[in-house]
Novice: 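Please read through the structure below; I'll follow up with questions.
Throughout, a chain's letter reflects where its sequence line sits, starting with A, and its residues are numbered from 1. Atom set for the values below is all heavy atoms of this structure, side chains included, hydrogens, waters and symmetry mates excluded.
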Amino acid sequence: MNYLVDRIAGVGAYALGVLRAAFELWMVFVGTIAGIWRLYGRRGATRPPGALVEQMHVIGNRSLLFIVVTVGFIGMVMIYQACLQFSRSVGDLSQIGVQFARLIVSDLGPTLTSMMLATRVGAGIAAEIGSMKVTEQVDALRMSGVLPIDYLLVPRFLASIVMTMVLSILGAAIMYGAGGLTAYLSFGVNPRVFYDLAMVEPRHLGLGLLKAFCYGAAIPIVSGFCGLRARGSSEGVGWATTAAVVGSSFAVIALDFMLSVGALWLFGGDV
Amino acid sequence: MSPGAAAPLIEFREVHKAFDGKPVLRGMNLTVGKGEILFIIGTSGVGKSVTIKHLVGFLRIDTGEIWFDGKRVDQLDEKGFYAVRRRVGMVFQNATLFDSMTLAENVALPLRKHKKLRHTSALAEAMGRLEQVYLTGFSDRYPAELSDGMRTRAALARTLTMDPEVVLFDEPTTGLDPVNARRIDRLILELSRNLGVTAVVVSHDLASIFSIADRVAFLYQGRVHAVGTPAELRDSPDPIVQQFIQGQSSGPMETPGF
């Protein structure tokens, strides 16, 4: 009986912990939105000098090669596999490029780019903020009259939104280009047939950009939240970094699902 | 005569604090007088740093009361504590400068936030503050390029930018060589005697205690076990106090893990 009570209490405590974490995550998000107003909505506010540009450089420019290489390979592999299967079953490869373009614009471009960004940027944010937390630098910020979220998260949040959108567009273009090249070189698909944007409509582009915007917002919030929860020493920073990578990748997948379902409701089957 | 007895500036009343069910402070009472240098000493993990962190709102007490300058502060929210932090500065263990900023930027940050100075004028004033702690010429260096003693001094300069009435020092001389440690002692003494700043120093550096402390509070098992001037503690007949001061490995003191 006692064993049962202990188990139930354990499950209850775990559930409470999850709820509390979800609430804290929400508060980090709300705090960041309020922080944007505190830093950029008023004249004469104390902003961290040059932080926004620096973070855009760290999140965007430094991820460029990584994103180009990984999504390029993903595009090549996907098109190679698609052509292989289609050539065995249907035999007609003329529709592959048209369908692929639509899929990339509304989904794969932003989602796969952001998945890659979530690992690189999420780990960086959590490790930096986490080590500041365990070395008491976050407390030192509070002693200096600074809200840690304003200084640490707001610039990363804004930079991440901008750069995720830019990199998503670039990533989609690279995937499309690499895919068409693979189809031409491996299966002789005429590039004029492959690079056909007839099926892409403004709503696909809108959905893709909305997804990139949401992913770009989610990655720094989840990672910053994990970093601010870091405890103890270097081990705590390690845990925070792992949690940030897992959490922000999961956030990207979950948002993809929710936004895709939402778009399905809005536009019917054609998204 | 300690200045502490006359006008208590900070008061801890029956403070209890536990972490994950493990009690650290168990009914701690302590008063700090205006302008005095009070050392809080005790073995590692006894709750010395925990005690001072409560005063600036980094930790919340479970039960008890904390008073600062006639006002109760333990129930304040984060915003309320910002007013306290303008009057109470803190020098953290291992200095804790911001890695990504130069020394001048580190010192300028509280000037910009608390005093609402512009970036350039804050940097100009930061130079002056660095001079106060003998760090002229190092203003554009990053913390990682400096020695521990220099970092501690820069952290002190950053704290002093707000002209605090109280400065909390969390083990300021731990990890420093004896020469640098005595320099930090001298700076604390100058602060107290020249500017009238109240200093609460968490330490187990006996040389510091016996050279600059006005009063010493010895923390043991979550309470203030003994309090008095350094001389009173040195002459105390209490075997636990004697064991700590003489640094004996065996004796009546109970330390976890031994």
Side-chain angles (χ1 to χ4, degrees), chain A residues 9 13 16-17 24 27-28 30-31 34-35 38-39 42-55 57-58 124-125 127-156 159 227-228 231-234 236-237, chain B residues 19-20 49 52-53 55-59 78-79 81-102 104-120 122-123 126 143-144 151 154-155 158-162 164 166-168 170-171:
Chain A
L16 275 179
E24 281 175 27
M27 290 313 289
V28 168
V30 172
R38 282 191 295 267
L39 288 193
R42 294 182 301 193
R43 283 173 71 92
T46 314
R47 299 180 197 120
L52 191 58
V53 174
E54 188 192 330
Q55 287 304 325
H57 181 79
V58 170
I125 291 175
E128 198 175 345
I129 296 182
S131 55
M132 284 185 79
K133 175 79 192 302
V134 300
T135 56
E136 294 184 318
Q137 288 182 57
V138 172
D139 284 343
L141 276 177
R142 291 162 76 190
M143 279 311 289
S144 303
V146 176
L147 284 172
I149 283 187
D150 286 6
Y151 250 58
L152 300 176
L153 263 181
V154 169
R156 287 174 172 84
L228 286 172
R231 290 222 179 101
S233 56
S234 46
V237 179
Chain B
F19 291 100
D20 298 326
S49 301
I52 59 169
K53 281 179 183 172
L55 183 65
V56 284
F58 291 158
L59 294 170
E78 179 72 9
K79 210 171 176 182
F81 267 113
Y82 274 83
V84 176
R85 290 176 201 149
R86 250 177 241 145
R87 301 175 62 192
V88 182
M90 182 163 175
V91 176
F92 290 85
Q93 204 170 351
N94 309 319
T96 309
L97 297 171
F98 308 121
D99 297 332
S100 56
M101 300 182 193
T102 63
E105 286 168 348
N106 260 284
V107 178
L109 184 63
L111 288 169
R112 296 179 63 210
K113 288 304 287 189
H114 280 307
K115 293 196 177 172
K116 307 280 180 208
L117 290 186
R118 288 187 158 275
H119 188 50
T120 40
L123 280 179
R151 278 203 289 268
R158 184 178 65 189
T159 307
L160 295 183
T161 53
M162 278 125 71
V166 180
V167 180
L168 311 173
D170 195 356
E171 304 202 13

Novice: Starting at CZ of B:Phe98, measure out to CG of A:Leu152 and round the result to the nearest 0.5 Å.
Specialist: 9.0 Å
Novice: Where on B:Val88 is there a heavy atom nearer than 4.5 Å to chain A: the side chain, the backbone, both, or neither?
Specialist: backbone
Novice: Got a second to check how far A:Ser144's OG is from B:Arg112's CZ, nearest 0.5 Å?
Specialist: 11.5 Å
Novice: Which atoms of B:Arg158 come close to chain A, meaning under 4.5 Å heavy atom to heavy atom: side chain ones, backbone ones, both, or neither?
Specialist: side chain
Novice: Check whether B:Leu97 gets within reach of chain A through its side chain, its backbone, both or neither, counting any heavy atom under 4.5 Å.
Specialist: backbone
Novice: Checking the side chain of A:Thr135 only, and the main-chain atoms of B:Thr96 only, is there a donor and an acceptor separated by less than 3.5 Å?
Specialist: no
Novice: Could you list the residues that satisfy side-chain contact (heavy atoms from CB on, under 4.5 Å) with A:Glu24, not counting sequence neighbours?
Specialist: A:Arg20, A:Phe225, A:Arg229
Novice: Side chains of B:Phe92 and A:Met143, heavy atoms from C-beta outward: is any pair under 4.5 Å?
Specialist: yes
Novice: Quick one: pull up CZ in B:Arg85 and CG in A:Asp139 and give me the separation to the nearest 0.5 Å.
Specialist: 8.0 Å
Novice: Considering non-hydrogen atoms only, spot the tightest contact between B:Tyr82 and A:Pro148 and give its length.
Specialist: OH-CD, 4.4 Å
Novice: Is it the side chain or the backbone of B:Glu105 that comes within 4.5 Å of chain A heavy atoms, both, or neither?
Specialist: neither
Novice: Who are the side-chain contact (heavy atoms from CB on, under 4.5 Å) partners of A:Val58, not counting sequence neighbours?
Specialist: A:Gln55, A:Arg62
Novice: Is any side-chain heavy atom of A:Glu136 less than 4.5 Å from a side-chain heavy atom of B:Lys53?
Specialist: yes
Novice: Quick one: NZ on B:Lys79 to CG on A:Leu147, what's the gap to the nearest 0.5 Å?
Specialist: 9.5 Å
